[in-house]
Amino acid sequence: MTDGLSTSRDPAPDAAAPHAGEAPAAQPLTEIILNPAARPSRPPSAPPAPVRPPVELSIDGKQVSVPTGSTILEACRAEGIDTPTLCYLENLTPVNVCRVCVVEVTGSRVLVPACSRKVEAGMDVTTDSDRVRLSRKMVLEFLGSSVDLSTAPAAQGYLDRYDADPNRYGPAASPAKAGGRDAHEAGHHHPPPVDAAQTVAQPVKVDNDLYIRDYSKCILCYKCVEACGEDAQNTFAIAVAGRGFDARISTESAVPLPESACVYCGNCIGVCPTGALMFKSEFDMRAAGTWDESTQTVTETICPYCGVGCALELHVQDNTIVTVTSPLDSSVTDGHLCVKGRFGFAFVQSRGPRTGA
């Protein structure tokens, strides 16, 4: 150190800076403070992603090559193979619960979930064997017999694709009373009906003005739990309670949503594949018979509330915003929003004359 300055580095490395060519000890401290070296006008670019070596495998008798670390589902989609999924979403951690994406892998005793199983060199995958189709058909029949899939077009399409018949398990059992399923204690056996198909039917939970919870449509895909938890919001307001058929999505101690840790980001709605979680605006329009997706337009814009720059998709019907989503491939949001971006659009509808000063 000389005169309080380091001699091992140049505090003014830019050639155009004052005293840039002088020894560090000769540069006046006031000059360094008042005339700092020029800084780049933009932040440096991120380093390029490492190139993953390819892995060779066989899918339905065809040799394919995909990057190391890819899942079987990613490999199938790269080859244009339509593998059904319900619990999988690109911006969430796979949890392997719906089991409709299962495929057959030579040497494996059981069918494996394509959404999470990593590819391996020499792997031989069959995506549409009789064993695979039978497994998917049974899973879909169990879901269709116990859950209302009327607002889950993907699931309805899979039922037709695999010729699944949920009605072969008998007529649906009577719906549970309000709070009935929430009162079931984990580990306690509740005898199922003997002459009907057990269902999760129950009254809709409407305890706030932003969104509703219709758990008669819940397939326990865990997407809402992941989005509320570490994959997006880190609020952990909801989780799975109970076991077996009594398992259900619940707040802590089954308290009403306004009394829970929920921050109303609505990310659970954005990932729900069945309509179990739904905008209150959509729910009311469906009840009134005015909901019509075929007439809706989608406009992409930027959220006006802060400087983060979240991408929004405004779903508009009859010149009125009815719901708001965010693109899954947005580098800013990854499909997730906060309460303002998701629900703070009512002011746009206020088209009356201005009043006051």
Side-chain angles (χ1 to χ4, degrees), residues 86-87 97-98 142-156 159 166-167 169-225 227-228 237-291 322-323 342-343:
L86 287 175
C87 72
V97 293
C98 77
F142 286 147
L143 283 178
S145 68
S146 60
V147 179
D148 175 10
L149 300 177
S150 61
T151 54
Q156 290 284 356
L159 287 170
N167 294 322
Y169 294 106
S174 300
K177 296 180 180 180
R181 285 180 57 80
D182 292 332
H184 288 179
E185 298 183 36
H188 289 247
H189 178 65
H190 301 278
V194 295
D195 56 350
Q198 192 170 6
T199 75
V200 296
Q202 57 192 291
V204 179
K205 296 178 183 290
V206 184
D207 52 14
N208 66 90
D209 295 329
L210 300 183
Y211 69 95
I212 63 94
R213 296 175 289 159
D214 185 357
Y215 288 142
S216 65
K217 300 178 179 179
C218 178
I219 61 173
L220 285 179
C221 67
Y222 280 67
K223 285 182 179 179
C224 59
V225 176
C228 186
I238 54 177
V240 176
R243 298 176 181 175
F245 200 84
D246 289 335
R248 68 272 183 191
I249 304 298
S250 177
T251 57
E252 185 176 1
S253 300
V255 300
L257 210 60
E259 299 176 18
S260 72
C262 177
V263 295
Y264 295 96
C265 63
N267 291 327
C268 54
I269 308 174
V271 300
C272 179
T274 64
L277 301 169
M278 184 181 293
F279 276 83
K280 181 68 161 50
S281 54
E282 178 180 347
F283 176 75
D284 292 339
M285 292 178 69
R286 286 182 180 275
T290 58
W291 179 263
V322 290
T323 60
R342 184 81 63 179
F343 298 108

Under 3.5 Å donor-acceptor, [X] side chain and [Y] backbone:
X: R342; Y: C265; result: yes
X: Q198; Y: A173; result: no
X: T151; Y: T274; result: yes

Could you go through L143 and L86, starting from their C-alpha distance and side-chain angles, then the distance that decides it, and tell me whether this counts as side-chain contact (heavy atoms from CB on, under 4.5 Å)? CA-CA 11 Å; L143 283 178; L86 287 175; 3.9 Å; yes

Given the rule in the side-chain contact (heavy atoms from CB on, under 4.5 Å) test, do V322 and F279 qualify, once you have shown the distances and angles that lead to the verdict? CA-CA 8 Å; V322 290; F279 276 83; over 6 Å; no

Please walk me through it: do L257 and K205 pass side-chain contact (heavy atoms from CB on, under 4.5 Å)? CA-CA 9 Å; L257 210 60; K205 296 178 183 290; over 6 Å; no

Suppose we screen for salt bridge (Lys or Arg N to Asp or Glu O under 4.0 Å). Which residues come up paired with D148, at least two apart in sequence or across chains?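 None.
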
Got [X] and [Y] here, is their nearest side-chain heavy-atom distance under 4.5 Å?
X: T251; Y: C262; result: no
X: I249; Y: V225; result: yes
X: P258; Y: D207; result: yes
X: M278; Y: C272; result: no

Between Y211 and F283, is a ring-ring contact (aromatic ring centres under 6.0 Å, His included) present by the stated rule, with each step listed? CA-CA 8 Å; Y211 69 95; F283 176 75; over 10 Å; no

Got a sec, which residues hit side-chain hydrogen bond (donor to acceptor under 3.5 Å, both in side chains) with R181, two or more places apart in sequence or on another chain?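 So R181 forms no side-chain hydrogen bond (donor to acceptor under 3.5 Å, both in side chains) with any residue.
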
